[in-house]
Amino acid sequence: MITLTFPDESKREFPDGVTGAEIAEGISKSLAKKAMVVKLDGELTDLAEPITADARIEIVTRDLPDALEIIRHDCAHVLAEAVQELFPGTQVTIGPVIDNGFYYDFAREEPFHPDDFPKIEAKMREIIGRDAAFTKKVWDRDEARRYFGEKGEAYKVELIDAIPQDQDIRFYSQGAWTDLCRGPHGPSTGKIGNAFKLLKLAGAYWRGDSNNPMLQRIYGTAWANDNDLKAYLTMLEEAEKRDHRRLGREMDLFHFQEEAPGAVFWHANGWTLFQALIAYMRRRQHEGGFVEVNTPDMMERGLWETSGHWEKFGENMFTTITPDERVHCCKPMNCPGHVQIFKNGLKSYRDLPLRIAEFGKVHRYEPSGALHGLMRVRHFTQDDAHIFCTEDQITEECISVNALILSIYRDFGFEDVRIKFSDRPEKRVGSDAVWDKAEDALKKACEAAGIAWELNPGEGAFYGPKLEYVLRDAIGRDWQCGTLQVDFNLPDRLGAFYIGADGEKHVPVMLHRAMFGSLERFTGILIENYAGHLPLWLSPVQVVVATITSDADDYARQVLDRLEAAGVRAEIDLRNEKINYKVREHSLAKVPAIVVCGKREAEEGTVNVRRLGSKDQALLPLDQAITAFVDEATPPDLKRAGVAKVA
Ligand SMILES: [Zn+2]
Ligand SMILES: [Zn+2]
């Protein structure tokens with residue numbers, strides 16, 4: 001007999017080998033009908049799988065969040081079957097679940113077209129209607145190779161060959177269609193339901209390597225019910241309208257080009273915004289007791305070997321060999337550089353906590369298929385900092401960093417913030433004892449700060465556990481931005497120490513923190529969150545002075561001078577164009593305020609203010625308008641400090 005513990009903590013005995021399906025059936029018919037999989041000790045498992053050991057068990061029904069992953073994975077298999085039925089000769093490759101959906105990569109000579117989607121979706125509905133059971137089989141290697149080899153599925157054969165010798169080769173079939181798969185799957189295709197949709201096509205290299213053939217990727221989404229699907233499609237439409245790549249063009253902020261994949265060409269407007277963010281952050285971290293430093297972009301390989309980056313992060317690193325045949329690495333992180341600053345000169349316990357910040361540009365190789373505008377680049381600027389402290393100081397430092405991060409997000413209008421606790425990953429440095437200590441310290445700090453977190457298992461950095469701050473934007477999307485990590489490993493590996501009150505050498509603890517995370521990405525998030533309508537204090541061009549007729553030119557120039565003297569980022573538009581044309585153009589560029597000057601305004605010393613997104617106009621005395629702009633252009637932190645000036 002085995003003992004299973006249910007979510008309500010009740011324990012029940014079952015014969016060894018009982019299945020989740022049998023257990024669900026024993027509880028109620030309706031539960032059995034709704035069940036997709038079981039969760040055994042946190043791991044999703046097929047309902048048909050015999051359970052052979054004591055475990056915590058939860059029956060995962062279709063309506064639970066965990067079931068979504070199963071619905072989407074099942075749907076990916078059905079997509080592949082549908083495509084092979086409709087387009088004979090197409091080879092299947094891989095089809096994983098992703099956020100909000102799934103994709104499947106196909107190898108086929110002719111291109112798919114979005115016009116094919118209705119036909120494929122119809123076939124998928126037909127397959128779902130067949131309600132064929134998903135059944136698992138384990139084959140031996142030769143049998144598996146033969147099966148796919150005979151079907152001409154060269155990619156699958158390659159995948160089979162890549163499975164380590166000591167691992168099972170598992171397959172899932174639905175009806176007569178079979179795929180190589182680790183599972184788990186729901187009980188049958190019918191359980192997928194109808195709330196799915198194919199979304200788009202993309203090219204993707206086999207195994208993400210540009211030396212390999214290009215495959216055709218079909219993306220889809222699937223949900224538990226129609227309402228959720230509809231809400232998601234509405235959100236996608238809204239996201240499309242806010243796409244920062246398009247807005248970036250319209251606002252003349254930045255561009256990308258082929259010769260520099262994943263690297264941003266910042267235009268003057270974009271760079272102004274970027275610098276406004278840095279200036280804000282610089283003031284906030286200065287307030288928080290951080291000092292700013294700058295460390296080399298490239299350092300020799302040996303240092304990265306000692307830090308562990310070469311081994312654990314090497315595949316993401318850019319390297320170069322200099323004419324003297326030394327290997328240098330572009331920094332993928334600022335941490336080792338900061339440890340060098342700490343190590344330079346003897347430190348004592350009186351120097352701690354030492355808080356070092358840097359707007360360091362880091363370089364990480366990402367496959368080209370993963371790059372996405374500002375959201376995923378290869379070269380990005382972190383608002384990075386490291387706090388060197390004693391074990392006793394960890395809690396207090398974590399509390400103040402947490403408070404700083406949350407206060408910063410509020411300044412940008414992000415009130416809905418979730419915190420995830422990511423513990424030890426598979427690829428890591430340091431002993432389990434040290435990891436226990438680090439995870440424990442971070443948990444205690446969370447408790448002391450009253451931080452509610454959810455566990456994100458195995459997602460910590462390779463040197464320590466971390467808190468991840470996840471922002472929800474205006475259309476309900478989540479973005480992971482800030483991090484706070486506790487690290488007992490790196491300072492030790494890199495030989496950092498301080499002299500304690502006892503006169504002995506001690507290794508400091510290192511806290512890694514970033515608040516925006518990547519400034520490039522944060523800029524993208526801001527653009528999309530505000531749909532380009534940035535708050536005035538962040539707008540690259542805050543005010544455009546536009547004339548109605550040329551007889552107001554002189555006055556308009558005076559208005560511009562006054563605005564600029566007050567520190568407002570202003571431009572002037574004296575072109576011989578209709579005022580409505582000018583307003584339309586600057587509105588498209590998302591300039592928050594247009595100050596219209598005509599003959600009457602010139603005579604009266606007034607301006608006519610039009611705000612982006614509003615049809616209203618306000619006729620104001622010039623002085624009053626300037627005071628209002630200065631107030632609005634003052635960053636929120638300076639406003640709190642009572643400084644009525646533009647930074
Ligand atoms: Zn599968
Ligand atoms: Zn770091």
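Just so you know, ligand 1 is whichever comes first in the structure, and atom 1 is the first atom listed for that ligand. When a residue number appears, it is its place in the shown sequence, counting from 1.
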Does the Lys NZ or Arg CZ of K505 fall within the cation-pi geometry relative to Y498 - under 6.0 Å from the ring centre and within 45° of the axis?
no
Hey, is there an N, O or S on H338 sitting under 2.8 Å from the Zn ion (ligand 2)?
no
Within the 3.5 Å criterion, strictly below it, is a donor on T295 or Q340 matched to an acceptor on the partner's side chain?
no
Find, among atoms of H386 that are N, O or S, the one nearest to the Zn ion (ligand 2), and state its name.
NE2
Using the Zn ion (ligand 1) as the vertex, how large is the angle between SG of C181 and NE2 of H73, rounded to 10 degrees?
120°
Do you see a donor-acceptor pair shorter than 3.5 Å between the side chains of E49 and T19?
no
Of all the N, O or S atoms in H512, which has the shortest distance to the Zn ion (ligand 2)?
ND1
Show the nearest heavy-atom pair for residues L201 and F112, with the distance to one decimal.
CD1-O, 3.5 Å
